[in-house]
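A short worksheet on the structure shown next.
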Amino acid sequence: MRWFFLTICLIFLAGCVAYPTQRAYFKPLPQDGYYLVKSRSCGYHKTEFDGLATDQASFHLDVFPNEPDEQHLVVTIVLKPGNEAASSLTGLPILGQVRLVAGNTKQEYSASSTALIQQYQQTQWYRVEFEVMPTTQFSIEIETQSAAPLQFDFRYAKESDFYYASINC
């Protein structure tokens, strides 16, 4: 009983919780010119890199799909200025059409809604919704006015993981 009480006190004082779990998510599939990024600072350990990013000459783009337990796909897109556009917001490209390409037939779906949900200094966050939820591999294609369409690939995965949370996150 004393060890149990001591363990609970240490967890409370440390301000963090950790436990083994399984995560169902859309695993990013990086290709040349793309790299893995985290959607949050705390949380899953093994699957922490759950987004894709790319750096273009005038902008930086991050893409994070939601968890696959929802009814439809929601993608968060983060747009920041690149090295050439770091001095003003006018250097940011306008987010163009966003498409979902899914299934073996490569069927295309247009976004049902696209909204600028937040803008802070030179960073813009967009929420893009699709009426479908892919169950296998898919691509998010993003058009901007300053580059050819960009393709971000993901696939459904279920992996064992270790989840941690802290009051410092």
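Note that the structure is a prediction, hence the values are computed from the model and not measured. Each residue takes its place number in the sequence, starting with 1.
- The distance from the CD atom of Gln122 to the CG atom of Leu79 is 11.0 Å, given to the nearest 0.5 Å.
- Residues Ser110 and Phe130 come closest through the heavy atom pair O-CD2, 3.6 Å.
- Proximity of a side-chain donor or acceptor of Tyr34 to a complementary backbone N or O of Leu29 within less than 3.5 Å is not detected.
- One finds the CZ atom of Arg127 at 13.0 Å from the CG atom of Leu116 (value rounded to the nearest 0.5 Å).
- Within 6.0 Å of atom CD in Gln22, more than 12 heavy atoms from other residues, nucleotides or ligands are found, so the atom counts as buried in its surroundings.
- Here the closest heavy-atom approach between residue Phe26 and residue Leu73 is recorded as CE1-CD1, 3.9 Å.
- Across every non-hydrogen atom of Tyr156 and Ala24, the tightest pair is OH-CB, 3.6 Å.
- A distance of 5.5 Å separates OG in Ser112 from CD in Glu129, rounded to the nearest 0.5 Å.
- Val74 and Ile77 are assigned to two separate hydrophobic clusters, defined by single-linkage of ILVMFWY side chains at heavy-atom distances under 4.5 Å.
- The closest side-chain donor-acceptor pair between Asp153 and Ser139 falls under 3.5 angstrom.
- Checked by atom type and distance alone, the side chain of Gln124 never pairs as donor or acceptor with a backbone atom of Leu95 at under 3.5 Å.
- Using a 4.5 Å cut-off on side-chain heavy atoms (C-beta onward), Tyr126 and Val98 make no contact.
- For the atom pair NZ of Lys80 and CG of Asp55, the computed distance is 9.5 Å after rounding to the nearest 0.5 Å.
- Val101 and Val75 are assigned to two separate hydrophobic clusters, defined by single-linkage of ILVMFWY side chains at heavy-atom distances under 4.5 Å.
- Considering all non-hydrogen atoms of both residues, Glu48 and Tyr164 come closest at OE1-OH, 4.1 Å.
- With Thr54 contributing its side chain and Gly33 its backbone, the two residues share a donor-acceptor pair below 3.5 Å.
- Met133 is listed as a side-chain neighbour of Asn66, based on a closest heavy-atom distance under 4.5 Å.
- By the criterion of side-chain heavy atoms lying less than 4.5 angstrom apart, applied directly or through intervening Ile, Leu, Val, Met, Phe, Trp or Tyr residues, Phe152 is not grouped with Tyr25; the two fall into different hydrophobic clusters.
- Taking both residues in full, the closest heavy atoms of Thr114 and Ala111 are given as OG1-CB, 3.8 Å, listed atom of the first, atom of the second, then distance.
- Lys27 has its side chain out of reach of Phe154: every pair of non-hydrogen atoms, C-beta onward, lies at least 4.5 Å apart.
- Residue Gln97 holds its CD atom at 5.0 Å from CD of Glu143, rounded to the nearest 0.5 Å.
- Going from atom CG of Leu150 over to atom CD of Gln56 covers 5.0 Å, rounded to the nearest 0.5 Å.
- Tyr35 belongs to a hydrophobic cluster with Val37, Phe64, Val78, Ile117, Tyr120, Trp125, counting contacts under 4.5 Å between side-chain heavy atoms of Ile, Leu, Val, Met, Phe, Trp and Tyr, direct or through other members.
- By the 6.0 Å contact criterion, NE2 on His45 is open, its count of non-hydrogen atoms from other residues, nucleotides or ligands being 12 or less.
- Leu36 and Leu61 fall within the same hydrophobic cluster, defined by Ile, Leu, Val, Met, Phe, Trp and Tyr side-chain heavy atoms under 4.5 Å apart, directly or through other members.
- Remark: the backbone N or O of Arg23 is not paired with any side-chain donor or acceptor of Asp161 at under 3.5 angstrom.
- Counting heavy atoms from C-beta on, the side chains of His60 and Asp62 come closer than 4.5 Å.
- Contact check for Tyr44 versus Asp50: no side-chain heavy atoms found under the 4.5 Å cut-off.
- Considering all non-hydrogen atoms of both residues, Ala18 and Phe162 come closest at CB-CE2, 3.4 Å.
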